S.K.: 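First, the structure itself, so that you have it in front of you.
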Amino acid sequence: METARKALEREGRDEIPESIVWSEDTSAPPILAQGKKNIYDYTDDIPKHVQPFWHHEYYQQREYFRLSRERRPLAERIKMWVGLLFIGALIYFSVVVFRVWVEQPREIRGMREEILQHTYGKVLELAAGHGQNIGAYPFAVEEIVLSDSNPQQLQALQFRIPQVAYPKYTVKRVRSEQLDKVFEPGEFDCVVDMFGLCHLHDPVMALRQMQKIVKPNGLILLLEHGRSPYPVVNYFLDYFEKRHEINTHGCRWNGPIADYLKESRLEVKELRNKHYGTTYYVVAYPEVLDAYATRDNNNNNENKTNNEKKSGGWFGKKKKE
């Protein structure tokens, strides 16, 4: 009420009764309506920076005007919105991490079954572990050699293999970096490695060894976890690297899989990423070796011979009639 009196006195309307108590018989703009305790009921007395809620009750207008007068500085409002955005981003990130954590085992199992559909003939599975792929191979596979460098794993693996099963299963202990000392060159049609490169001291050497024992037209199938193309994900992988390595018996889950493929000179047919780039699905051929070069030269010679026959190159030029 005192503020209204001062406003009327400032404008020279403090002596006009109609300005203090509203009456239907006057056109003077009052500052205080009868029966209401709102000093900003009319536009003449509302500051220019305040926009009232015209369709609300007076007490709502009064609260709005009070908040407008007590408006926070710009810096504080910016801090408030930045804080709200940060909290929203944190909630979104927590939901995403929770979804990946819950859904990842099921999705990994689906990727295992999908990549095994490429296998055929005689297959070598490296880092077989507990034998999670037993029973998942297609009918085109005739024989499977399960290998691992851990004798305890292989001993437990023997009990998981069915006594009568197709395809035929064999268990051998071998390190992935020394495959050529146990197997013959070009012995296998396919080589499968699932989450085994992360435990090796020299993954590039292991990939080179795979190319030696697989046939020139064979397949190398990899399902690995490694570095992500997103720096934020790599930060967490690097931060928890030591803890994860201790808990998983030496697994390096932030290895540069793309660099391994490039250094080993694999002919990558298909490369996919999942789980924000940390899971690698790779279907590849061995490096183009002499066998491919000989085959290509033979094909070129045959094509050249056929072209010469068509043009009459062996019998000279055709006579003009």
Side-chain angles (χ1 to χ4, degrees), residues 1-22 27-104 107 225-247 252-259 273-280:
M1 189 66 178
E2 185 65 25
T3 305
R5 297 291 185 186
K6 292 182 178 180
L8 291 174
E9 184 178 356
R10 183 173 60 255
E11 298 177 3
R13 295 193 291 154
D14 55 328
E15 301 296 336
I16 303 177
E18 291 83 355
S19 298
I20 302 174
V21 180
W22 180 78
S27 59
I31 194 171
L32 183 64
Q34 189 173 11
K36 303 293 182 180
K37 296 182 178 180
N38 190 351
I39 61 172
Y40 288 147
D41 286 337
Y42 292 90
T43 56
D44 291 345
D45 303 302
I46 297 176
K48 294 182 180 180
H49 71 281
V50 177
Q51 298 296 329
F53 290 154
W54 292 106
H55 303 289
H56 291 69
E57 295 295 332
Y58 290 105
Y59 71 91
Q60 293 175 319
Q61 293 186 33
R62 182 168 62 251
E63 182 68 16
Y64 176 77
F65 298 144
R66 184 185 67 80
L67 295 176
S68 298
R69 290 195 303 271
E70 300 175 358
R71 199 171 187 180
R72 296 182 178 180
L74 180 61
E76 294 186 7
R77 282 182 286 161
I78 292 176
K79 291 181 180 179
M80 179 186 68
W81 283 109
V82 169
L84 292 176
L85 291 176
F86 177 78
I87 294 174
L90 187 62
I91 294 174
Y92 174 79
F93 179 76
S94 302
V95 171
V96 168
V97 171
F98 179 77
R99 186 196 67 81
V100 172
W101 186 269
V102 172
E103 296 290 335
Q104 189 176 23
E107 294 175 351
H225 46 205
R227 296 192 70 82
S228 169
Y230 304 106
V232 177
V233 179
N234 290 332
Y235 171 79
F236 285 95
L237 293 180
D238 297 338
Y239 184 80
F240 294 103
E241 176 186 5
K242 295 299 181 182
R243 183 182 303 177
H244 180 77
E245 187 173 351
I246 294 173
N247 295 335
R252 293 180 61 250
W253 64 353
N254 58 347
I257 302 299
D259 295 340
N273 294 85
K274 202 173 180 63
H275 306 130
Y276 294 93
T278 58
T279 304
Y280 287 77

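The model shown is predicted, which means the values in this text are computed figures rather than measured ones.
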S.K.: Quick check: closest heavy atoms across Ser228 and Thr278, and the distance to 0.1 Å?
M.R.: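 Smallest heavy-atom distance, with atoms named: CB-CG2, 4.0 Å.
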S.K.: Ignoring hydrogens and angles, write down the donor-acceptor pairs under 3.5 Å from the side chains of residues 96-103, residues two or more places apart or on other chains.
M.R.:
{"from": "Glu103", "atom 1": "OE1", "to": "Arg106", "atom 2": "NE", "distance (Å)": "3.1"}
{"from": "Glu103", "atom 1": "OE1", "to": "Arg106", "atom 2": "NH2", "distance (Å)": "2.6"}

S.K.: In terms of heavy-atom contacts, does OH of Tyr239 have more than 12 from other residues, nucleotides or ligands at under 6.0 Å?
M.R.: no
S.K.: Pick out which of Leu85, Leu90, Ile91 makes a side-chain contact (heavy atoms from CB on, under 4.5 Å) with Ile87.
M.R.: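 Going through the options one by one, the only one that passes is Ile91.
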S.K.: Could you grab the distance from atom CZ of Phe240 to atom CG of Asn247, nearest 0.5 Å is fine?
M.R.: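 The CZ atom of Phe240 sits 11.5 Å away from the CG atom of Asn247.
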S.K.: Could you name each residue pair satisfying salt bridge (charged side-chain N to carboxylate O under 4.0 Å, His left out) that touches residues 76-92, not counting sequence neighbours?
M.R.: none
S.K.: Taking the six-membered ring for Trp and the full ring for Phe, Tyr or His, determine whether the centres of Phe236 and Tyr276 are under 6.0 Å apart.
M.R.: no
S.K.: So which pairs with a foot in residues 229-239 pass salt bridge (charged side-chain N to carboxylate O under 4.0 Å, His left out), sequence neighbours left out?
M.R.: Arg227-Asp238
S.K.: Within this structure, what is the CD-OG1 distance for the pair Gln104 and Thr279, rounded to the nearest 0.5 Å?
M.R.: 5.5 Å
S.K.: Please report the shortest heavy-atom distance between Gly277 and Pro229, naming the atom on each side.
M.R.: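 Shortest heavy-atom contact: CA-CD, 3.7 Å.
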S.K.: Give me the atom names and distance for the closest heavy-atom approach of Glu241 to Trp253.
M.R.: CA-NE1, 3.8 Å
